[in-house]
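Fair warning: this is a prediction, and the values are worked out from it, not measured in the lab.
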Amino acid sequence: MPEGHTLHRLAVHHAGLFAGHEVHADSPQGRFTAGAARIQQIDAVEAYGKHLLYDLGEPGYLHIHLGLYGTFRDGVGSPPEPRGAVRLRLVGNGSWAELRGATACELYDDDQRGLLCDRLGPDPLRADGKAAPFVVRAGHSRAPIAGLLMDQSVVAGVGNVFRAEALYRARLDPYRSGRDVGDDALLALWTDLRILLRAGVRSGRIVTTRPADRDHGGRVTRDQAHYVYRRAGLPCRVCGTEVRTAVLAGRNLFWCPVCQSPAE
DNA sequence: CTATGATGGAAAC
DNA sequence: TTTCCCTCATAGC
């Protein structure tokens, strides 16, 4: 589930496993052999939006982007015999981690790291993530708010689930422009995104429904975790209207045409 | 068991 | 606009 919360969770987890330790790396798949050979230690791990950056000391940084398919596994003791396309394997401090299917796995120098951070918008999960750049940028745009939320240079870390759910919770029509939404609602959207993302870091899953809108109390079942995401054709949890879907910014958007009315 | 689509984004057309 | 990464959860048989 790689939206921003997944990467921040991984950063904390991998920092706990490897930060401050010598690490041996290889690439059983062979696509990152030269880069892996330069990894000797990991000093720190951080997430920025959906990107992971490992501070390696002298060689610079390891930059990883999971994309849609990328996945990490880890464990303690000696690593298992690599099976299939293992792009990167890290071993150190009594633990191992295995990366497969990532969009990006490469070494960065300071300049490349700087370029990446410069092109990303504020990340609601980071201490340095400020609302103002998001509000200003989105507030001047005539693009639909559902597209702006997917633009990593506007806000970093939001993906297709969080965009649909945050817009539902804000009762915002996804096709309204950022300019039309206005600064106050944009600030509220930012604040809610921060709440939702933080909850995602804590729990490791995306749950956006409020208790009152779930069928039962107690444990949140998977099909009750969202208001509109992947619920096309099903009744809106609040008003019963059929949830709609359309492709926006290259991905399937979901929304309730009544709760998220254009007039609001 | 197999088939399908997906939480992303860069590169190739 | 399409392809790719080549994983994984879910749906359906």
Name the nucleic acid region contacted by A/E98, choosing base, sugar-phosphate or nothing; use a 4.0 angstrom heavy-atom cut-off, strictly under.
nothing
With [atom1] as the reference atom in both, quote the distance from [N] to [M] in angstrom, rounded to an integer.
N: B/dA6; M: C/dT2; atom1: P; answer: 16 Å
N: B/dG5; M: C/dC13; atom1: P; answer: 14 Å
N: B/dA10; M: C/dC8; atom1: P; answer: 22 Å

Which atom of [X] lies closest to which atom of [Y], heavy atoms considered:
X: A/H226; Y: A/T208; value: CA-OG1, 3.7 Å
X: A/S141; Y: A/L148; value: OG-CD2, 3.5 Å
X: A/I39; Y: A/F32; value: CD1-CE2, 4.3 Å

Which of [range] have a heavy atom under 4.0 Å from DNA chain B?
range: residues 226-236 of chain A; value: A/Y229, A/R230
range: residues 110-123 of chain A; value: A/R119
range: residues 67-84 of chain A; value: A/G67, A/L68, A/Y69
range: residues 99-109 of chain A; value: A/T103

What's the [atom1]-[atom2] distance between [X] and [N], to the nearest Å?
X: A/R251; N: B/dA10; atom1: CZ; atom2: C1'; answer: 13 Å
X: A/M150; N: B/dA10; atom1: CE; atom2: P; answer: 12 Å
X: A/F32; N: C/dC5; atom1: CZ; atom2: P; answer: 17 Å
X: A/N252; N: B/dG8; atom1: CG; atom2: P; answer: 11 Å
X: A/R163; N: B/dG9; atom1: CZ; atom2: C1'; answer: 14 Å
X: A/L7; N: B/dT7; atom1: CG; atom2: C1'; answer: 11 Å
X: A/L196; N: B/dT7; atom1: CG; atom2: P; answer: 17 Å

A/Y61: hydrophobic cluster co-members (side-chain, 4.5 Å):
A/Y48, A/L53, A/Y108, A/L116, A/L120
Are A/V243 and A/F162 linked, directly or through other ILVMFWY residues, by side chains that come within less than 4.5 angstrom of each other?
yes
A/R9 (side chain) donor-acceptor with A/R202 (main chain) under 3.5 angstrom:
yes
Check: A/L167 and A/L189 side chains under 4.5 Å, non-hydrogen atoms
yes
Between A/Q152 and B/dG9, is there a contact of a side-chain N or O with OP1 or OP2 at under 4.0 Å?
yes
Are any of A/R87's side-chain N or O atoms less than 4.0 Å away from OP1 or OP2 of C/dC6?
yes
Qualifying residues under salt bridge (charged side-chain N to carboxylate O under 4.0 Å, His left out), relative to [X], sequence neighbours excluded:
X: A/R231; result: none
X: A/R89; result: A/D26
X: A/D192; result: A/R169

Could you run down the sub-3.5 Å N/O contacts of the protein with nucleotides 1-3 of chain B?
none

May I ask you to check whether A/H14 and A/F72 place their ring centers less than 6.0 Å from one another?
yes
Listed by chain and number, what are the side-chain contact (heavy atoms from CB on, under 4.5 Å) partners of A/R251, not counting sequence neighbours?
A/L68, A/M150, A/N160, A/R163
Pairs involving residues 119-135 of chain A, ordered by first then second residue, that meet salt bridge (Lys or Arg N to Asp or Glu O under 4.0 Å) (sequence neighbours left out):
A/E46-A/R126, A/R126-A/D128
List, with names and distances, any nitrogen or oxygen atoms from the protein found under 3.5 Å away from nitrogen or oxygen atoms belonging to nucleotides 11-13 of chain B.
none

